[in-house]
Amino acid sequence: MVGAVALAALLIYFNGVPAGRVLSATDVIYTHPPWEAAKPAGYGAPANKLLFDQTAQVYPWTDYAVQRLRRLELPTWNPYVLCGTPFLGNANVGLLYPLNLILVLVPSLAWGMTVVALMKIALALVSTYLLARRLGLALAGSLLAALSYAFS
């Protein structure tokens with residue numbers, strides 16, 4: 001059963017595995033200046049136009065944080081927003097979330113974000129299964145709850 005769940009997770013997130021790709025709706029950037037001038041031929045509309053913050057904030061700020069941490073600098077301040085803003089507690093980056101420390105250890109941020117996403121799904125799945133069992137659900141009900149939550 002664990003193997004089937006791992007396979008399902010890999011199939012869902014496979015596009016993030018190859019080098020140079022990241023789990024983000026980055027195609028939305030072509031709907032905003034100045035990037036709309038660089039639209040690829042045949043581009044119609046973004047896959048998910050609601051996720052611009054993934055492209056404009058989450059990925060670049062995570063990259064900034066990871067680069068600073070790799071230089072053994074604690075990124076407490078972001079000089080690139082307004083005239084500078086506090087950064088360590090930035091919720092978009094989640095720098096203090098334990099799984100995000102993996103991003104510092106892997107060579108590619110795009111690949112690291114995929115690994116962290118897979119680990120979050122695994123954590124959600126296992127935690128929900130254990131909670132359901134603790135609440136007295138049968139094995140089948142616990143598995144259904146875990147799969148439903150992890151892949152929702």
Side-chain angles (χ1 to χ4, degrees), residues 2 5-132 134-135 144-152:
V2 173
V5 171
L7 180 62
L10 283 174
L11 289 174
I12 289 171
Y13 290 101
F14 182 74
N15 282 338
V17 175
R21 301 187 101 181
V22 65
L23 294 171
S24 179
T26 53
D27 64 339
V28 75
I29 203 163
Y30 296 124
T31 62
H32 298 282
W35 302 283
E36 54 192 357
K39 275 185 212 177
Y43 176 80
N48 187 338
K49 61 185 173 187
L50 300 176
L51 291 178
F52 187 72
D53 60 335
Q54 291 284 329
T55 303
Q57 296 177 6
V58 175
Y59 190 84
W61 291 352
T62 302
D63 185 47
Y64 169 73
V66 166
Q67 287 181 26
R68 295 278 309 270
L69 288 171
R70 286 181 180 159
R71 293 191 309 250
L72 301 177
E73 301 171 6
L74 190 60
T76 58
W77 190 256
N78 184 350
Y80 302 110
V81 176
L82 302 171
C83 289
T85 58
F87 187 75
L88 186 62
N90 183 316
N92 286 308
V93 175
L95 187 62
L96 301 177
Y97 181 60
L99 287 181
N100 285 345
L101 294 177
I102 292 168
L103 299 173
V104 179
L105 304 174
V106 296
S108 162
L109 180 61
W111 189 79
M113 290 181 87
T114 301
V115 168
V116 169
L118 288 171
M119 291 180 76
K120 286 178 183 178
I121 288 184
L123 184 63
L125 188 129
V126 170
S127 299
T128 304
Y129 172 79
L130 293 173
L131 174 65
R134 177 84 172 177
L135 293 174
L144 180 61
L147 290 170
S148 299
Y149 181 65
F151 293 107
S152 65

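Taking all atoms of both residues into account, the shortest heavy-atom contact from Thr31 to Glu36 is O-OE1, 3.8 Å. Between Phe87 and Ala65, the shortest heavy-atom distance links the atoms CE2-CB, 3.6 Å. The two residues Trp77 and Arg68 have their closest heavy-atom pair at O-NH1, 3.7 Å. In terms of heavy-atom proximity, Ala150 sits nearest to Ala124 at CA-CB, 4.3 Å. Minimum interatomic distance between Tyr59 and Met113 (heavy atoms only, all atoms of both residues): CD1-SD, 3.3 Å. In terms of heavy-atom proximity, Leu95 sits nearest to Leu101 at O-CD2, 4.3 Å.
Looking at Asn100, its side chain does come within 3.5 Å of a backbone N or O of Gly94 through a donor-acceptor pair.
Within 6.0 Å of the CZ atom in Arg71, the count of heavy atoms belonging to other residues, nucleotides or ligands exceeds 12. Enclosure of atom OH in Tyr97 by more than 12 non-hydrogen atoms of other residues, nucleotides or ligands within 6.0 angstrom is indicated.
With rounding to the nearest 0.5 Å, the separation of CG in Leu88 from CG in Asn78 is 12.0 Å. Thr62 contributes atom OG1, which lies 10.5 Å from atom CD of Gln57 (distance to the nearest 0.5 angstrom). Distance check: Asn90 CG to Leu96 CG gives 10.0 Å after rounding to the nearest 0.5 Å. The distance from atom OG1 of Thr128 to atom CG of Leu123, rounded to the nearest 0.5 Å, is 8.5 Å. Between atom CG of residue Asp63 and atom CG of residue Leu103 there is a gap of 10.0 Å, rounded to the nearest 0.5 Å.
No side-chain heavy atom of Ser127 sits under 4.5 Å from any side-chain heavy atom of Tyr149. With contacts defined as side-chain heavy-atom distances shorter than 4.5 Å, the pair Trp35/Val28 does not qualify.
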Evaluate the criterion side-chain contact (heavy atoms from CB on, under 4.5 Å) for residue pair Val93 and Tyr64; output intermediate values, then yes/no. CA-CA 10 Å; Val93 175; Tyr64 169 73; over 6 Å; no
